[in-house]
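Below is one structure, written out as structure tokens; comments come after it.
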Amino acid sequence: MEAIQARHNLADMTYINPLPVRIWHWVNALGFVLLVLTGAQIRYTDIFGVLTFESAVKLHNWVGFAVIANYFVWLGYYIFSDRITNYHPVLDARKFATNFFQQAQYYSYGIFKGEHSPHQVQPYDKFNPMQRLAYQLIMLTAAPINFVTGLMMWDTQRFANWIAAVGGIRVVDTIHVAIFILFVFFIFVHAYMGALGRTPITHYREMFTGYEEH
Ligand code: HEM
């Protein structure tokens with residue numbers, strides 16, 4: 001009886017996070033946390049004394065390359081699959097603005113009154129407009145800029161021309177650190193928002209199992 005019930009429940013669930021997205025996501029999350037920690041160690045050597053400067057740089061570089069390679073799992077998956085509609089369900093600016101405003105109202109007010117989110121999660125339209133915008137800014141702007149600035153600082157000789165074009169190594173470093181601060185902020189807000197499901201671990205579980213829990 002329990003087995004039948006379990007099978008029925010599975011059939012009732014919506015598959016929203018395919019395997020490549022789940023693998024990419026958790027490798028990425030671990031990678032980013034390590035990059036933030038080793039980055040803080042490199043930048044503030046006198047405050048943190050966990051690793052030597054050299055070990056922190058070495059680890060930061062290795063994890064950086066792993067995160068860059070992993071990024072292409074996410075990008076490749078969405079470019080070559082029909083689930084790209086999750087990021088662009090309808091290209092309608094007016095509708096996007098209206099839904100964005102409704103979602104902001106929900107997060108700032110409705111949620112505290114126990115209302116339901118105005119966005120209905122579907123396999124090909126799983127993000128609300130605020131998620132869609134935030135994820136695209138992070139994944140298509142902030143992350144690639146930090147990959148490139150990181151590469152430039154990894155080998156200043158090889159990328160000397162690029163560094164000069166941007167305005168020098170101090171400019172490259174400032175951009176890299178500014179985006180690092182943005183990522184720290186993003187990770188906290190993102191992890192908190194991820195806990196706003198039916199229970200605090202519902203969305204986390206969905207990112208492991210792939211299935212949305214109604
Ligand atoms: C400790 C770190 C993290 C936790 C606990 C976490 C948690 C979650 C959860 C629960 C979801 C599913 C809910 C949703 O779709 O909004 C999710 C999705 C997502 N997260 Fe994270 N995350 C973490 C780190 C990151 C980082 C560092 C990034 C990017 C730099 C990131 C980018 C994303 C993206 C883009 C999605 C949507 C996945 C898709 O494209 O289908 N996450 N995260």
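If you're wondering where the values come from, they're calculated on a predicted model, not measured in any experiment. As the structure lists them, so they are numbered: ligands from 1, and atoms in each ligand from 1.
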Tell me, with the steps shown, if Asp92 and Lys95 meet salt bridge (charged side-chain N to carboxylate O under 4.0 Å, His left out).
CA-CA 5 Å; Asp92 179 338; Lys95 194 170 165 202; over 6 Å; no
With under 30° as parallel and over 60° as perpendicular, where do the rings of Trp74 and Tyr87 fit, or are they tilted in between?
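Rings of Trp74 and Tyr87: perpendicular, as their planes differ by over 60°.
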Check whether any side-chain heavy atom of Arg22 sits under 4.5 Å from a side-chain heavy atom of His25, and report yes or no.
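A side-chain contact is absent here, since even the closest heavy-atom pair is not under 4.5 Å.
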Measure the distance from atom 14 (C) of ligand 1 to every protein heavy atom, then report the residue, atom name and distance (to 0.1 Å) of the closest one.
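Sorting protein heavy atoms by distance from atom 14 (C) of ligand 1 puts Tyr135 OH, 3.3 Å first.
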Measure the distance from atom 40 (O) of ligand 1 to every protein heavy atom, then report the residue, atom name and distance (to 0.1 Å) of the closest one.
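Ranking protein heavy atoms by distance from atom 40 (O) of ligand 1, first comes Tyr87 OH, 2.6 Å.
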Below 3.5 angstrom, do we get any N/O pair linking Trp24 and ligand 1?
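Looking only at distances, the answer is no, because the N/O contact criterion of under 3.5 Å is not met.
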At what distance, to the nearest 0.5 angstrom, does CD1 of Ile179 lie from CD1 of Ile145?
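So the CD1 of Ile179 and the CD1 of Ile145 are separated by 4.5 Å.
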In terms of hydrophobic clustering (I, L, V, M, F, W, Y; side-chain heavy atoms under 4.5 Å; direct or indirect links), are Ile79 and Ile138 co-clustered?
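Yes, Ile79 connects to Ile138 through the hydrophobic network.
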Would a hydrophobic clustering, with Ile, Leu, Val, Met, Phe, Trp and Tyr connected at side-chain separations under 4.5 Å, put Val33 with Trp26?
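Val33 does not cluster with Trp26.
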With heavy-atom distances below 4.0 Å as the criterion, list the atoms of ligand 1 near Trp74.
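Once the distances to Trp74 are compared, the set is 40 (O).
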Going by the atom numbers of ligand 1, which of them fall below 4.0 Å from some non-hydrogen atom of Phe127?
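Listed by number with element: 15 (O), 37 (C), 38 (C), 39 (C), 40 (O), 41 (O).
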Sequence neighbours left out, what pairs pass ring pair (Phe, Tyr, Trp, His ring centres under 6.0 Å) with at least one residue falling in residues 131-154?
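Qualifying pairs, neighbours excluded: Phe65-Trp154, Tyr71-Phe147, Phe127-Tyr135, Tyr135-His190.
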Pick from Trp26, Tyr78, Tyr204: the one approaching atom 41 (O) of ligand 1 most closely through a non-hydrogen atom
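That would be Tyr78.
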Asn17 pairs by side-chain contact (heavy atoms from CB on, under 4.5 Å) with which of Lys126, Glu212, Arg83?
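That would be Lys126; it is the only one of Lys126, Glu212, Arg83 passing the side-chain contact (heavy atoms from CB on, under 4.5 Å) with Asn17.
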Near atom 21 (Fe) of ligand 1 (under 2.8 Å) - protein N, O or S atoms:
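Those protein N, O or S atoms (cut-off: under 2.8 Å from atom 21 (Fe) of ligand 1) are His25 NE2, His190 NE2.
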Is the closest heavy atom of Lys126 to ligand 1 under 4.0 Å?
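Heavy atoms of Lys126 do come under 4.0 Å of ligand 1.
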If every non-hydrogen atom of Val57 is compared with every non-hydrogen atom of Ile42, which pair is closest and at what distance?
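Here Val57 and Ile42 meet closest at CA-CD1, 3.8 Å.
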Please name the pair of heavy atoms, one in Thr38 and one in Ala56, separated by the smallest distance, quoted to 0.1 Å.
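The answer is CB-O, 3.9 Å.
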Mode of Phe188 contact toward ligand 1 - side chain, backbone, both, neither (heavy atoms, under 4.0 Å):
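Near ligand 1, Phe188 shows nothing, with every heavy atom at 4.0 Å or more.
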Using a heavy-atom cut-off of under 4.0 Å, does the side chain or the backbone of Ile138 touch ligand 1, or both, or neither?
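Just the side chain.
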